[in-house]
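In this text, all values refer to a predicted model and were calculated from it rather than measured experimentally.
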Protein chains: 2
Amino acid sequence: MKGFPKIRDVAAAAGVSTATVSRALSAPDRVSADTRAIVLKAIEETGYRVNHAARNLRRRQAGGIVVLVPNLANPFFSQILSGITFAMATSGYNVLIADTRQAPNAEHRILDYLHNNRADGLIVLDANLPEDVLSAGDTPNHHPPIVFACEWLDTDPRPTVTIDNEEGAKLAIRHLADLGHTRIGHLMGPPDNILTITRAKGARAALAELGLAIRPDWFFDGDFSLASGAAAAHAWLALNDRPTAVFCASDAMACGFIGELHHKGVRVPDEVSVVGFDDIEIAAHFVPSLTTIAQPRALIGETAARKLLALITEGRENGSATGASDVLPVQLVARESSAPPR
Amino acid sequence: MKGFPKIRDVAAAAGVSTATVSRALSAPDRVSADTRAIVLKAIEETGYRVNHAARNLRRRQAGGIVVLVPNLANPFFSQILSGITFAMATSGYNVLIADTRQAPNAEHRILDYLHNNRADGLIVLDANLPEDVLSAGDTPNHHPPIVFACEWLDTDPRPTVTIDNEEGAKLAIRHLADLGHTRIGHLMGPPDNILTITRAKGARAALAELGLAIRPDWFFDGDFSLASGAAAAHAWLALNDRPTAVFCASDAMACGFIGELHHKGVRVPDEVSVVGFDDIEIAAHFVPSLTTIAQPRALIGETAARKLLALITEGRENGSATGASDVLPVQLVARESSAPPR
DNA sequence: TAGTTTCATGCAATCGATTACATCGCTGCA
DNA sequence: TGCAGCGATGTAATCGATTGCATGAAACTA
């Protein structure tokens with residue numbers, strides 16, 4: 001960073017002022033085609049690169065967006081991140097990532113991103129942040145625009161990018177009913193999570209529509225993880241009166257559930273059908289391959305990123321940060337793990 | 001970002017100069033305990049937050065590190081990223097991520113990170129970058145320090161954080177031999193990849209040590225992905241004379257291999273034993289659960305991050321960027337997918 | 001007691017790009 | 001011919017924190 005050419009050097013090489021060089025880069029149509037060419041050549045020759053810190057300081061911006069991920073180690077998010085970086089690639093904004101559940105002081109550091117000039121915008125994938133963290137954005141111009149993706153807050157009017165979770169759950173239940181199942185259970189995500197609530201609601205609604213039993217002892221607790229799926233397998237085994245099909249609120253849980261049943265000698269789908277949710281990559285290759293509700297994860301990330309960019313630009317131009325919310329479609333993918341009951 | 005308090009406001013509130021405020025924050029022992037307390041209180045009251053752009057400009061730094069990931073959508077990397085953000089959390093550096101294989105212009109944008117004042121350091125997880133991209137760092141002070149993690153370049157003396165890939169492959173082969181297998185194949189990663197080369201080398205060495213056959217038709221081509229594992233299953237099925245065990249260079253390939261064999265009615269480990277590499281989370285829950293070589297992914301990320309931080313600091317203090325390289329240990333985890341041959 | 005260190009603090013230059021405003025030369029119209 | 005209008009460019013202030021140097025007071029030394 002020491003001997004790097006600066007805009008002054010380029011200006012000297014091109015025989016123009018620094019203002020012209022700056023304009024040739026950031027507002028090409030404000031300089032004549034001739035000088036622009038000269039400036040670009042000078043940039044080429046000197047090997048000049050803008051200093052982002054200087055630019056950001058002057059423009060009063062941060063130059064990046066932050067993605068708040070509840071748990072980076074969870075592969076569910078990797079494809080969403082991929083969609084985000086894809087959409088951001090040409091924008092000139094950096095993509096920073098932060099794990100909201102990671103010690104030390106996760107909460108404190110998030111606040112730092114929120115109030116701060118560290119990010120021009122946020123994509124929040126974790127709606128279970130401490131209440132006060134997000135409400136810190138009360139005073140509208142004290143924080144950058146926020147887009148929620150995947151998860152959201154019912155009480156919060158900010159724009160979101162989600163999928164139709166309720167419909168997804170209904171598709172799953174109807175699929176099992178179509179196969180002939182009448183005894184259907186549901187393995188849920190973490191309590192309080194909006195996805196858990198919405199998917200469970202959809203499952204209940206579909207069961208009711210179909211006139212099927214909604215039995216509390218067939219609604220198993222989980223937390224979206226593989227391990228909780230395995231734990232649910234034990235709960236299922238412990239029942240006297242078991243459902244013949246289980247709709248799991250995540251593929252990870254479905255895999256954990258099936259894997260553990262397999263250890264106990266219970267075959268899927270012979271003895272119990274399983275439907276997952278997410279369509280993670282392994283679902284198609286699992287044994288048995290997993291029937292699931294596909295959600296377009298990369299597209300979610302991409303959409304959220306574009307929406308955020310729009311908000312950032314809009315916020316700069318006028319003040320009206322409108323927040324239409326996108327709901328992306330889901331799709332049933334039928335595979336081996338679901339079959340008619342014996 | 002408009003009406004935010006600046007250091008001047010804090011200085012006024014505390015009745016000191018901006019220099020003192022700055023020092024109270026960045027060099028606490030250069031101000032007296034009393035004034036420090038006063039300044040901190042003033043910061044609290046005004047709600048001041050440093051402007052990173054200004055700080056970075058003045059300090060001639062970028063304030064962040066970049067992680068170059070070959071494919072963000074690949075969950076293998078999520079845990080490494082997690083380790084990196086964990087180690088970086090308290091450092092004050094942002095963690096930026098960039099996908100090196102992502103259109104448009106991946107190559108061009110990487111160069112931007114390399115030469116540029118966008119990052120104070122890089123963690124590179126992709127050693128297959130175009131030759132000239134990395135060699136752009138010839139002139140030592142024209143680029144930030146780089147640490148390679150997982151993958152590395154044989155020709156490059158820069159510091160690396162890796163695992164003992166050769167030993168891992170040997171563990172896998174020996175494990176299969178211990179079970180009684182004498183006909184052992186190997187499903188490889190993408191050609192030219194250093195991990196592919198090293199693991200295949202370890203596998204060959206172990207086979208040789210054990211006096212077992214090294215048959216070219218039992219070395220299958222792959223690319224670490226699930227799909228290539230499934231493709232290898234067809235290659236295996238097509239052989240007249242099949243190995244009774246296959247060591248796969250990634251868990252994803254092992255899962256794809258097993259999943260596809262299962263579709264074709266071939267049971268694992270009954271008809272063929274399989275050992276993977278990585279110990280991704282699903283390995284323990286797969287059907288059958290996967291015997292594999294565990295590598296400490298989060299630790300790799302964490303170690304790389306700390307090493308990079310050390311290089312950044314060192315580079316600022318004196319110029320000698322030494323690059324000891326860490327090799328982290330691997331471990332065999334025996335599960336159901338490997339058993340004695342029939 | 002005079003001279004020397006040490007410590008805490010203030011002053012003001014500085015990092016490098018952007019941009020409001022001023023300037024200059026043309027064109028076009030009355 | 002004269003003046004408004006416009007486009008291209010230059011001048012210089014500005015973004016906000018950091019830090020080299022200077023200052024003054026206190027502590028220490030001989």
Side-chain angles (χ1 to χ4, degrees), chain A residues 1-40 42-43 46-64 92 112 115-118 120 316-317, chain B residues 1-40 42-43 46-64 92 112 115-118 120 316-317:
Chain A
M1 204 140 169
K2 252 341 163 4
F4 274 42
K6 18 196 116 175
I7 201 170
R8 215 158 276 190
D9 303 320
V10 177
V16 298
S17 74
T18 61
T20 301
V21 176
S22 175
R23 283 190 280 252
L25 285 170
S26 334
D29 37 335
R30 294 205 43 208
V31 300
S32 74
D34 292 348
T35 35
R36 195 186 321 144
I38 296 173
V39 169
L40 292 179
I43 288 175
T46 52
Y48 168 77
R49 307 255 156 174
V50 300
N51 179 317
H52 288 88
R55 164 178 287 181
N56 291 334
L57 172 59
R58 179 59 227 237
R59 288 193 177 160
R60 293 159 151 259
Q61 63 174 21
D112 202 43
H115 286 287
N116 209 329
N117 19 38
R118 250 152 111 119
D120 297 310
R316 250 206 296 278
E317 272 150 24
Chain B
M1 204 140 169
K2 253 334 167 8
F4 273 41
K6 17 197 118 177
I7 201 170
R8 214 159 279 192
D9 302 321
V10 177
V16 298
S17 74
T18 61
T20 301
V21 176
S22 175
R23 282 191 280 252
L25 284 171
S26 333
D29 37 334
R30 294 205 44 208
V31 300
S32 74
D34 293 347
T35 38
R36 195 186 321 142
I38 295 173
V39 168
L40 292 179
I43 288 175
T46 52
Y48 169 77
R49 308 253 155 175
V50 300
N51 179 318
H52 288 90
R55 165 179 287 181
N56 290 333
L57 171 59
R58 179 60 228 237
R59 287 193 178 160
R60 293 160 151 257
Q61 62 173 22
D112 201 44
H115 289 284
N116 210 331
N117 18 38
R118 249 151 112 116
D120 298 309
R316 250 206 296 278
E317 272 150 24

Could you state the atom-to-atom distance from [atom1] of [X] to [atom2] of [N] in whole Å?
X: B/Leu25; N: D/dA17; atom1: CG; atom2: P; result: 10 Å
X: A/Tyr48; N: C/dT18; atom1: OH; atom2: C1'; result: 10 Å
X: B/Arg59; N: D/dG20; atom1: CZ; atom2: P; result: 12 Å
X: B/Asn56; N: C/dT14; atom1: CG; atom2: C1'; result: 15 Å
X: A/Arg8; N: D/dG10; atom1: CZ; atom2: P; result: 14 Å
X: B/Arg23; N: C/dC7; atom1: CZ; atom2: C1'; result: 11 Å
X: B/Lys6; N: D/dT14; atom1: NZ; atom2: P; result: 12 Å
X: B/Arg30; N: D/dA22; atom1: CZ; atom2: P; result: 15 Å

Looking at every heavy atom in both [X] and [Y], which two are closest together, and how far apart are they?
X: B/Val21; Y: B/Val10; value: CG1-CG1, 3.8 Å
X: B/Asp9; Y: B/Pro5; value: OD2-CA, 3.3 Å
X: B/Thr35; Y: B/Ser32; value: OG1-OG, 2.7 Å

Under-3.5 Å donor-acceptor pair between B/Arg58 side chain and C/dG16 base |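 Such a pair does not exist between side chain and base.
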
Under 3.5 Å donor-acceptor pair, A/Arg49 side-chain atoms to C/dG16 base atoms |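 Such a pair does not exist between side chain and base.
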
Just wondering, do A/Val31 and A/Val39 contact through their side chains at under 4.5 Å, heavy atoms?
->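 A side-chain contact is absent here, since even the closest heavy-atom pair is not under 4.5 Å.
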
I want to verify a distance call: between [options], whose nearest atom is closest to the [X] side chain?
X: B/Thr35; options: C/dA17, C/dC15, C/dA8; value: C/dA8
X: A/Arg55; options: C/dA12, C/dT18, D/dG10; value: C/dT18
X: B/Ala19; options: C/dG10, C/dG16, C/dT9; value: C/dG10
X: B/Ser32; options: C/dT18, C/dG16, C/dT9; value: C/dT9
X: A/Ala54; options: D/dA12, C/dA17, C/dT9; value: C/dA17

With rounding to the nearest 0.5 Å, note down the distance linking CD1 in A/Ile7 to OG1 in A/Thr20.
->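 Here the interatomic distance stands at 9.5 Å.
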
For A/Ser17 and for B/Leu57, locate the closest nucleotide of DNA chain D by heavy-atom distance; then report the residue assigned to the nucleotide nearer the 5' terminus.
->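 Counting from the 5' end, the first nearest nucleotide belongs to A/Ser17.
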
So, is A/Ser26 near the phosphate of C/dT18, with a side-chain N or O under 4.0 Å from OP1 or OP2?
->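 Yes.
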
Taking only N and O in the side chain of A/Thr20, is any of them less than 4.0 Å away from OP1 or OP2 of D/dA8?
->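 Indeed not, no polar side-chain atom of A/Thr20 lies that close.
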
Which part of the nucleic acid, if any, lies within contact of A/Val16, taking any heavy atom under 4.0 Å across all strands shown: a base, the sugar-phosphate backbone alone, or nothing?
->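 Sugar-phosphate only.
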
Give A/Ser22 one of three labels, base, sugar-phosphate or nothing, depending on what nucleic acid heavy atoms sit under 4.0 Å from its own.
->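 If one applies the 4.0 Å heavy-atom cut-off, A/Ser22 turns out to touch a base.
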
